[in-house]
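Read through the structure below, which is laid out as structure tokens, and then see the notes.
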Amino acid sequence: MILTKFLTKSEKVNTTSDMMLNEKGFYITILMYGLFSAVAVQKNVRDLRMTEGNIKPELSPKD
């Protein structure tokens, strides 16, 4: 709150949103797709490295 006051140089900060509910849902959906894709890419890179033998699986059974 203090940072937004500093950046806008105003005493009162408008916290209400003028976006419609379906527009908010669209942006939330895009955010969730982005997070899902980041996790999927990380897992695919990990699995590819495991098949190449560069790293060992984290949850391997103890011998």
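All values below come from the heavy atoms of this structure, side chains included, with hydrogens, waters and symmetry mates left out. Everything numeric here is computed off the predicted structure, so don't read it as measured data.
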Side chain to side chain contact (heavy atoms under 4.5 Å, CB included) between Tyr27 and Leu31, worked out: CA-CA 6 Å; Tyr27 287 121; Leu31 175 68; over 6 Å; no

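- Distance CG/Asp18 to CD/Glu23: 10.0 Å, rounded to 0.5 Å.
- Here the straight-line distance linking atom CG of Leu35 with atom CD1 of Ile30 works out to 11.5 Å at 0.5 Å rounding.
- Met32 has its side chain out of reach of Thr29: every pair of non-hydrogen atoms, C-beta onward, lies at least 4.5 Å apart.
- By the criterion of side-chain heavy atoms lying less than 4.5 angstrom apart, applied directly or through intervening Ile, Leu, Val, Met, Phe, Trp or Tyr residues, Met19 is grouped together with Phe26 in one hydrophobic cluster.
- In this structure, the separation between CZ on Arg46 and CZ on Arg49 is 11.5 Å, given to the nearest 0.5 Å.
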